[in-house]
Peer 1: 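Can you read through this structure? Questions will come right after.
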Amino acid sequence: MEIKIPTPRDFSFERTAFSHGWTSLLPFEVDPRASTITRVLDIGTGPPVTVAITGTKRAVSVRVPRRVGVRAVRSVERDVRHMLRLDDDLTAFYGAMKSDPDFAWIPRSGAGRLVRSPTVFEDLVKSICTTNCTWALTKVMVSGLVNNLGREAADGRRGFPTPEAMAAMPDSFYRDEVRAGYRSPYLKELAERVATGELDVEGWLTSELPTPELKREMKRVKGVGDYAAENLLKLVGRYDVLALDSWVRATFARTRNNGRAAADDKIARYYSRFDSWRGLALWCDMTKDWLDEK
DNA sequence: GCGTCCAGGTCTACC
DNA sequence: GGTAGACCTGGACGC
């Protein structure tokens, strides 16, 4: 069956699908030639389903391999809207970008919707898996979690594991199977805190805390430092942080500083004119050429 | 083949 | 509040 979801007028499926590396981490799969995102989604009771998502400027189409009930349809719709950020209002952001010649391409191309996972928990686990390692190792760790602990869909693909499934595994699983190394106890502890209800990470989506306070709360999770917290802040819709990592620093040096390394202060000054949108402006600026490369 | 470096950083101890 | 050193892993690189 097929579910059609209307999109905002300024929406670009490609710019969203390739907005950052998340869609190359399981249980996302992306086919750049067909412009399709494949993803295993939980639909409550029963096994999860593998959906294929394609899109135009006007609508997103979600192919579900079997007929499912109304509640499951609502669940899929909610997840797709959330992942592709179809409910985000970027009018103010685009207004700020339009007046700057170097950034005016952003509203024209429909960039600015950073794809995210259906849950904050998944984004948080993945953020921890990006720290202090190559992207290749991040993929190894995330694949280890999904392939070992994810619930299986009818086509054999697996979803992202629940906090409960992760909490039930010993440290040795994270070291030996996931290859998470020193991050192993961090992942287990996080899963336990979420599974027991001690930590409500989904609440960060609607938190009314000022960004610095929410960041402090995020950093109370072991393994989450400045970079991981700021990356997660962007994923929950806070763009007044930069999330500087070695890749961003290197890309800024190449594209904005004549190939020379720039101090973090200089990078911050460069985007400070965009105020509460500076983090999103930075990310779009750094990934401007991605769609051509894909 | 082997050693070193470092990558989409963070934690802890110490000052 | 700031900083040095340790930390898993695995690919790239020089020798």
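Order of the sequence lines sets the chain letters (A, B, ...), proteins ahead of strands, with each chain counted from 1.
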Peer 1: Does NZ or CZ of A:Arg15 lie under 6.0 Å from the centre of the six-membered ring of A:Phe11, at an angle within 45° of the ring axis?
Peer 2: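 That pair does not qualify as a cation-pi contact.
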
Peer 1: Starting at CG of A:Asp171 and ending at P of C:dC8, how long is that distance when rounded to a whole Å?
Peer 2: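 Nearest whole value for this atom pair: 11 Å.
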
Peer 1: Does the Lys NZ or Arg CZ of A:Arg39 fall within the cation-pi geometry relative to A:Phe28 - under 6.0 Å from the ring centre and within 45° of the axis?
Peer 2: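 Output yes; distance and angle both within limits.
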
Peer 1: If pairs are Watson-Crick or G-U with both distances under 3.5 Å, what is the dot-bracket string of DNA chain B, marking crossing pairs with [ ] and pairs to another strand with |?
Peer 2: |||||||.|||||||

Peer 1: Quick one: are the ring centres of A:Phe93 and A:Tyr239 less than 6.0 Å apart?
Peer 2: no

Peer 1: Can you see if the side chain of A:Ser246 gets near the phosphate of B:dG9 - specifically, an N or O under 4.0 Å from OP1 or OP2?
Peer 2: yes

Peer 1: Using atom P in both nucleotides, what's the gap between C:dC13 and B:dG8 to the nearest angstrom?
Peer 2: 13 Å

Peer 1: Do A:Asp31 and A:Thr36 pair up side chain to side chain, a donor and an acceptor below 3.5 Å, judged on atom types alone?
Peer 2: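 No donor-acceptor contact under 3.5 Å links the two side chains.
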
Peer 1: Over all strands shown, is A:Arg249 touching base, sugar-phosphate only, or nothing at heavy-atom distances under 4.0 angstrom?
Peer 2: nothing

Peer 1: In whole Å, what separates the P atom of B:dC2 from that of C:dC8?
Peer 2: 24 Å

Peer 1: Please list, for nucleotides 10-12 of chain C, all pairs of protein and nucleotide N/O atoms separated by less than 3.5 Å.
Peer 2:
| from | atom 1 | to | atom 2 | distance (Å) |
| --- | --- | --- | --- | --- |
| C:dG10 | OP1 | A:Arg179 | NE | 3.2 |
| C:dG10 | OP2 | A:Arg179 | NH2 | 3.3 |

Peer 1: Over how many whole Å does the gap from A:Trp135 atom CH2 to B:dC6 atom C1' extend?
Peer 2: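 Rounding to the nearest Å, CH2 of A:Trp135 and C1' of B:dC6 are 18 Å apart.
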
Peer 1: Tell me yes or no: between the side chains of A:Thr211 and A:Arg238, is some donor less than 3.5 Å from an acceptor?
Peer 2: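 On atom types as modelled, these side chains qualify, holding a pair under 3.5 Å.
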
Peer 1: Can you check each nucleotide of nucleotides 10-15 of chain B against protein heavy atoms at under 4.0 Å and return B for base, S for sugar-phosphate only, - for none, in 5' to 3' order?
Peer 2: SSS---

Peer 1: Apply side chain to side chain contact (heavy atoms under 4.5 Å, CB included) to residues A:Leu84 and A:Val80 and explain how you reach the verdict.
Peer 2: CA-CA 6 Å; A:Leu84 302 182; A:Val80 172; 3.9 Å; yes

Peer 1: Rounded to whole Å, please give me the gap between CG in A:Asn231 and C1' in B:dG9.
Peer 2: 12 Å

Peer 1: Does the ring of A:Trp247 lie flat against the base of B:dA7, closer than 5.5 Å centre to centre with planes under 30°?
Peer 2: no

